[in-house]
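These notes are about the structure you will find just below.
Every number for a ligand or one of its atoms is a count from 1 in the order of the listing. Throughout, numbering of the chain's residues begins at 1 and tracks the sequence.
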Amino acid sequence: MNLSIGNTATNSSNFPAIFQNPSFLPRNNSSITPKILSNSHPKTLIITASSNSSSNNNQNTPTNSSRDHRWSLSGMTALVTGGTRGIGLAIVEELLGFGAIVHTCARNEVELDNCLKSWENQGFNVSGSVCDVSSWEQREKLLDTVSSVFYGKLNILVNNVGTNIRKPIVHFTPQEYSTLMTTNFESVFHLSQLGHPLLKASGCGSIVFVSSVSGFVSLKSMSLQGATKGAINQLTRSLACEWAKDNIRSNAVAPWYIKTTMVEKVLSNEDYLEEVYSRTPLCRLGDPAEVSSLVAFLCLPASAYITGQIICVDGGMSVNGFYPKMDFQ
Ligand SMILES: NC(=O)c1ccc[n+]([C@@H]2O[C@H](COP(=O)([O-])OP(=O)(O)OC[C@H]3O[C@@H](n4cnc5c(N)ncnc54)[C@H](OP(=O)(O)O)[C@@H]3O)[C@@H](O)[C@H]2O)c1
């Protein structure tokens, strides 16, 4: 049984004359035919590639499909790391709201089970794995599970997990260095590598990294954490070029202070919080949903021509120059 997601009927003859030039047409002409599975997983759609080059409903190429289609993730499969709290939790729920089928992971089994139960009660299609993404073996196991849950095809990979150790560079121990590099950078490198065949097999893949403004500007006691995020930013750009031929997009979001458990302690200091406000043009903290909405946008067909970008979600912090209180007439 074939299912049409929105209005995907597009023919290259609908484009203005200039776009009829073969050099403007997508190089990968395989079309994407969503099919519903006949067996156990009733809500799962499998995206299969066919060689029919006369139609063009590939999500990462220009189409004149309907608005509904451009703003829907219906039937798409997604892996979001660290989906039980904070930004990751908001991302899982945002993607579900757009119709995606999600797998997530976290280390704490009780919290994961509670989240899975809550999503199930709301009628959402989410599965989960207990996994520490800083472990090479556990990452391999996670992707094996994802491959089997999603039948070898993954549309969306959100590399959300990251951690922080706040201290000056001179005080880092080898163990702390290793923890930060492994959790923040090695994990996203390896998960992307493991995810590549699944993203490619989906016919239209999208990776979103959760970076930080610390990857752009210097933040006190966060030089090493900032270096991991800077590395993520360059990986984002490089994968956009390296995997474009496989129709995989790669983008990142870079938040400033967002209200999550990770930053609860540091923000409980009122003087520090005051300094954060004074440095932030919008003069407030961000909400996880203000990050997840951008992540969802970067996964939607609506953003199909955006790749290699790192977008700050920071209330203007990263563009703030010198704005003294004193006014000049
Ligand atoms: N919050 C901010 O102000 C802010 C600002 C800039 C960037 N960011 C970035 O945003 C991302 C998410 O941060 P957050 O503030 O939402 O964090 P959070 O509130 O601490 O939530 C972290 C989530 O990731 C999971 N997790 C943590 N370490 C993990 C590991 N090693 N393996 C598997 N799962 C793990 C946690 O579950 P378990 O503990 O059960 O594993 C939880 O679900 C990070 O990359 C962070 O660098 C955050």
Side-chain angles (χ1 to χ4, degrees), residues 79-94 102-116 118-119 126 128-143 145-146 158-166 178-188 190-191 208-217 219 222 224-233 235-236 252-268 272-273 276-277 279-280 284-292 294-295 310-315 317-318:
L79 168 62
V80 179
T81 63
T84 58
R85 287 198 312 276
I87 294 171
L89 173 63
I91 294 171
V92 169
E93 298 193 338
E94 197 78 52
V102 181
H103 189 90
T104 190
C105 72
R107 294 163 301 179
N108 185 312
E109 188 166 8
V110 176
E111 271 188 32
L112 179 64
D113 284 346
N114 287 341
C115 286
L116 292 176
S118 157
W119 289 319
V126 190
S129 301
V130 174
C131 168
D132 183 341
V133 300
S134 68
S135 150
W136 196 273
E137 293 74 27
Q138 290 188 39
R139 291 191 294 261
E140 286 177 335
K141 208 169 148 212
L142 174 66
L143 264 289
T145 304
V146 167
V158 182
N159 280 311
N160 165 66
V161 169
T163 191
N164 196 4
I165 300 172
R166 288 167 191 269
S178 174
T179 299
L180 211 41
M181 294 306 288
T182 312
T183 308
N184 283 16
F185 187 67
E186 184 190 283
S187 72
V188 303
H190 190 209
L191 287 170
V208 181
F209 297 91
V210 179
S211 178
S212 168
V213 289
S214 65
F216 287 105
V217 296
L219 301 178
M222 285 179 60
L224 188 58
Q225 192 267 7
T228 65
K229 297 297 190 180
I232 286 174
N233 293 352
L235 186 66
T236 301
V253 299
W256 170 230
Y257 274 114
I258 307 296
K259 285 176 258 174
T260 71
T261 48
M262 181 185 278
V263 293
E264 233 169 24
K265 191 165 167 227
V266 68
L267 294 178
S268 66
Y272 186 83
L273 187 60
V276 169
Y277 288 151
R279 191 68 188 76
T280 310
R284 66 173 176 86
L285 306 174
D287 278 320
E290 290 173 313
V291 181
S292 63
L294 174 59
V295 172
I310 301 120
I311 305 175
C312 291
V313 186
D314 66 353
M317 181 272 187
S318 61

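- A heavy-atom distance below 4.5 Å is found between the side chains of Arg139 and Ser187.
- Using the six-membered ring where Trp is involved, Tyr272 and Tyr257 have ring planes that are perpendicular, over 60° apart on the 30 and 60° scheme.
- When all heavy atoms are compared, the tightest approach of Ile232 to Ser211 is CG2-CB, 4.2 Å.
- Expressed to the nearest 0.5 Å, how far OG of Ser292 lies from CG of Leu89 amounts to 9.0 Å.
- Residue contacts with ligand 1: Arg85 is placed with a nitrogen or oxygen under 3.5 Å of a nitrogen or oxygen of the ligand (distance criterion only).
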Apply the test side-chain contact (heavy atoms from CB on, under 4.5 Å) to residues Leu273 and Leu285: give CA-CA distance (whole Å), side-chain angles for both, the deciding distance (0.1 Å), then the verdict. CA-CA 9 Å; Leu273 187 60; Leu285 306 174; 4.0 Å; yes

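- Under a 3.5 Å cut-off, the side chain of Asp132 and the backbone N or O of Ser134 do form a donor-acceptor pair.
- For atom 39 (O) of ligand 1, the closest heavy atom belonging to the protein is Arg107 NH2, 3.0 Å.
- Considering every non-hydrogen atom in both Thr163 and Asn184, the closest pair reads N-OD1, 2.6 Å.
- Residue Ile87 has at least one nitrogen or oxygen atom sitting less than 3.5 Å from a nitrogen or oxygen atom of ligand 1, judged on distance alone.
- Counting heavy atoms under 4.0 Å from ligand 1, residue Val133 touches it through both backbone and side chain.
- Taking a 4.0 Å cut-off on heavy atoms, Gln138 fails to register as neighbouring ligand 1.
- Residue Asn160 touches ligand 1 through backbone and side chain together, judged by heavy-atom distances below 4.0 Å.
- For atom 13 (O) of ligand 1, the closest heavy atom belonging to the protein is Met262 CE, 3.8 Å.
- For ligand 1, the atoms closer than 4.0 angstrom to any heavy atom of Ser211 are 7 (C), 9 (C).
- Of all the listed residues (Thr260, Asp314, Thr81), Thr260 holds the heavy atom that lies closest to atom 14 (P) of ligand 1.
- Checked against a 3.5 angstrom limit, the closest N/O atoms of Gly162 and ligand 1 fall inside it.
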Given the rule in the side-chain contact (heavy atoms from CB on, under 4.5 Å) test, do Glu93 and Trp119 qualify, once you have shown the distances and angles that lead to the verdict? CA-CA 9 Å; Glu93 298 193 338; Trp119 289 319; 2.8 Å; yes

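- Evaluated by nearest non-hydrogen atom to atom 37 (O) of ligand 1, the leading choice among Val266, Ile91, Thr84, Val313 is Thr84.
- Short contacts between ligand 1 and Asp132, defined as distances under 4.0 Å to a heavy atom of the residue, involve ligand atoms 30 (C), 31 (N), 32 (N).
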Arg166 vs Val266, test: side-chain contact (heavy atoms from CB on, under 4.5 Å). Steps then yes/no. CA-CA 10 Å; Arg166 288 167 191 269; Val266 68; 3.8 Å; yes

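- Residue, atom and distance of the protein heavy atom nearest to atom 5 (C) of ligand 1 are Trp256 O, 3.2 Å.
- For ligand 1, none of its N or O atoms has an N or O atom of Thr163 under 3.5 Å away.
- Residue-level proximity to ligand 1 for Pro288 is absent, since no heavy atom of it falls below 4.0 angstrom.
- Residue Thr183 has no nitrogen or oxygen atom sitting less than 3.5 Å from a nitrogen or oxygen atom of ligand 1, judged on distance alone.
- Distance check: Arg107 CZ to Ser135 OG gives 12.0 Å after rounding to the nearest 0.5 Å.
- Residue-to-ligand polar distances keep Tyr257 apart from ligand 1: every N/O pair is separated by 3.5 Å or more.
- A 6.0 Å sphere centred on CD of Glu109 holds no more than 12 heavy atoms belonging to other residues, nucleotides or ligands.
- Compare Thr261, Val210, Leu267, Ile258 by their heavy atoms: the one nearest to atom 10 (O) of ligand 1 is in Val210.
- What sits closest to atom 33 (C) of ligand 1 on the protein, heavy atoms only, is Cys131 O, 3.1 Å.
- Remark: ligand 1 atoms within the under-4.0 Å shell around heavy atoms of Asn108 are 40 (O).
- The protein non-hydrogen atom at the shortest distance from atom 6 (C) of ligand 1 is Pro255 O, 3.2 Å.
- Counting heavy atoms under 4.0 Å from ligand 1, residue Ala254 does not touch it at all.
- Any N or O atom pair closer than 3.5 Å counts here, and Glu111 shares no such pair with ligand 1.
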